[in-house]
Amino acid sequence: MTLDEEKDPALGPEAARAVELARRSLGMMSPQQRVQGLLRVTERTARRPGFRLSPLRAGALALAAAAAVLLGVNVWQRGARSDRLSYEVEGGAVQQDGSVQADTSSRPKVRFSDGTEVQLAEMARAHIVSVDEQGARVALDRGEVHARVVHRSEAQWLFDAGPFLVTVTGTAFALSWAPEDERLDLRLENGAVIVSGPLSGKPIAVRAGQWLTLRQRTGEVLLRDLDLQQGAEASPAPAPAPPDRAEEPSAAPVPDPPGTPAGPTAAALSAEPRRDWAGKLAAGKLDAIVDEAQRRGLGVSLAESSNEELSVLADAARYTRRNDVARQALLAQRRRFPATQRGKEAAFLLGRLAEAQEGGAAALAWFETYLKEAPQGAYASEALGRKMVIVQRLHGDAEAEAVARAYLSRFPGGTYAQAARALARTP
């Protein structure tokens, strides 16, 4: 609200102009900068030749400045208590539609407060969809971005490219999307990511030094080493592992796997070297994580590992297609940490495993469980989209139409929006 004489008769024209000037010129500054700038503006204005304030007006202006100080400090304190990441755009700006765009002369870089950087290549365009304390979701509209994601214990970064979703914890990669060709290219420098989307019922694991190409129009999936010469024959992605029985969601406690040995003694546990599974995951040492858990005894690892370690173990097992280990780790997470974000997300990941192995009711139940527990979660769009696909497959277009309308209501620009519009018969 702009202060003027009608709204505050204690402020004269000069004081009102000073306050308004401060408001306009400090609009994009931090709370601390706002406070300092406002005080400087009022001080300079008071020194102008011929400028005079009556005692009443001087007191009112001082009170306004003091209120701004208190307000700024209060805002700054609230911001300091928040763990939500912030970001700035270097070499560019966020457009009115929320996009960041590069041209022939500029290649903007988005810098996040945790050190993560996303740089746009020439003529690329991307959107920052959401930001929270764990990370961000970035939608690549076209072109290529180069990302260096800093690994943190709770980090969660998602990159949308057309109908495909890239899930990242900490790594460096180049991602490109050509909408006219419906082609995705992902070149992974270090770490590991998973890519999910319509071409595979099962997420595709990509490790350091690999190059993944997906062509939606032809259904082509190519995964090869980065050091292959251009034009060399690429090897297809590995075939899915043989299916095994998926667990249904249940409120009842999930027992440990059969044959689980008794836990080791406290002395034995204290003698073990500390695990660094998160570091191994970021370095792409996925097999080492699973092997270590099995050497220790899978039952012991599931019972003794932290929430983060269970997540890392499940990721490593999924990426290496050891689905039985992944499922047991996720079920242990659901049993031991049900109220945490990771525990809730385990329901979504169990749905993806079940869909890849069975493709039916078991997966649907897990997706519905996740949507109930985390309706605003990072995987909500994907879970609702997969639910729509499964309902259509199991029950036909008529029942899937209701899910499609719900999807469009919540995620009109989501990765499944085109399929949802077709089902809902909307343009």
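Side-chain atoms are counted along with the backbone in the values below, which use heavy atoms only and exclude waters and symmetry mates. Start at 1 with the first residue, then count along the sequence.
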Might you point out which heavy atoms bring [X] and [Y] nearest each other, and give the distance in Å?
X	Y	value
A329	L310	CB-O, 4.0 Å
A326	A317	N-CB, 3.5 Å
L408	A417	CD2-O, 3.7 Å
A93	Q95	O-NE2, 3.3 Å

Please name all residues satisfying side chain to side chain donor-acceptor pair (under 3.5 Å) with [X], sequence neighbours left out, ordered by chain then number.
X	result
E373	R334
S381	Y407
R187	E144
S409	none

**OP:** Scan for salt bridge (charged side-chain N to carboxylate O under 4.0 Å, His left out) pairs involving residues 342-351, sequence neighbours excluded, and state none if there are none.
**Re:** E154-R342
Under the side-chain contact (heavy atoms from CB on, under 4.5 Å) test, residues paired with [X] that sit two or more places apart:
X	answer
R111	E88, E90, K109, E117
V389	R386, R393, Y416
S113	L85, S86
Q210	V206, R207, L223, D225

Is [X] salt-bridged to [Y], going by a charged N under 4.0 Å from an acidic O?
X	Y	answer
K372	E368	no
R327	D324	no
R322	D291	yes

Donor-acceptor pair, distance only, cut-off 3.5 Å: does the side chain of [X] make one with the backbone of [Y]?
X	Y	value
T320	A316	yes
S305	S301	yes
R215	L184	no
T369	A365	yes
Q119	R107	yes

Original post:
What class does the angle between the rings of F112 and W157 fall in, given that below 30° is parallel, 30 to 60° is tilted and above 60° is perpendicular?
Top reply: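 Rings of F112 and W157: perpendicular, over 60°.
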Is any side-chain heavy atom of [Y] closer than 4.5 Å to one of [X]?
X	Y	value
V138	H127	no
V94	I128	no
V149	V118	no
L384	V403	yes
L353	L330	yes
L222	L212	no
Q328	V325	no
V166	L158	no

Original post:
Taking only residues at least two apart or on different chains, which pairs with a member in residues 320-345 satisfy ring pair (Phe, Tyr, Trp, His ring centres under 6.0 Å)?
Top reply: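 Qualifying pairs: none.
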**OP:** Verify the distance criterion only: is there a donor paired with an acceptor across the side chains of S311 and Q333 at less than 3.5 Å?
**Re:** yes
Original post:
Tell me, which pairs form a side-chain hydrogen bond (donor to acceptor under 3.5 Å, both in side chains) where one or both residues lie in residues 130-140, sequence neighbours left out?
Top reply: R137-D160
Subject >> Any pair counted as side-chain hydrogen bond (donor to acceptor under 3.5 Å, both in side chains), so long as it reaches residues 172-183, sequence neighbours left out >> reply: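 Output for this query lists R183-D185.
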**OP:** Test F159 against every option in L175, V129, T167 by the side chain to side chain contact (heavy atoms under 4.5 Å, CB included) rule and name the one that passes.
**Re:** L175
Return the [atom1] to [atom2] distance between [X] and [Y], rounded to the nearest 0.5 Å.
X	Y	atom1	atom2	result
I289	Q294	CD1	CD	12.5 Å
F348	F367	CZ	CZ	5.5 Å
L120	R125	CG	CZ	11.0 Å
L313	D315	CG	CG	9.0 Å

Original post:
Do the two ring centres, one from F173 and one from W211, sit under 6.0 Å apart?
Top reply: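 When the ring centroids of F173 and W211 are compared, they turn out to be at least 6.0 Å apart.
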**OP:** Using the salt bridge (Lys or Arg N to Asp or Glu O under 4.0 Å) rule, take R425 and E401 through it: C-alpha gap first, then chi angles, then the decisive distance, then the call.
**Re:** CA-CA 9 Å; R425 301 177 182 87; E401 181 179 349; 3.0 Å; yes
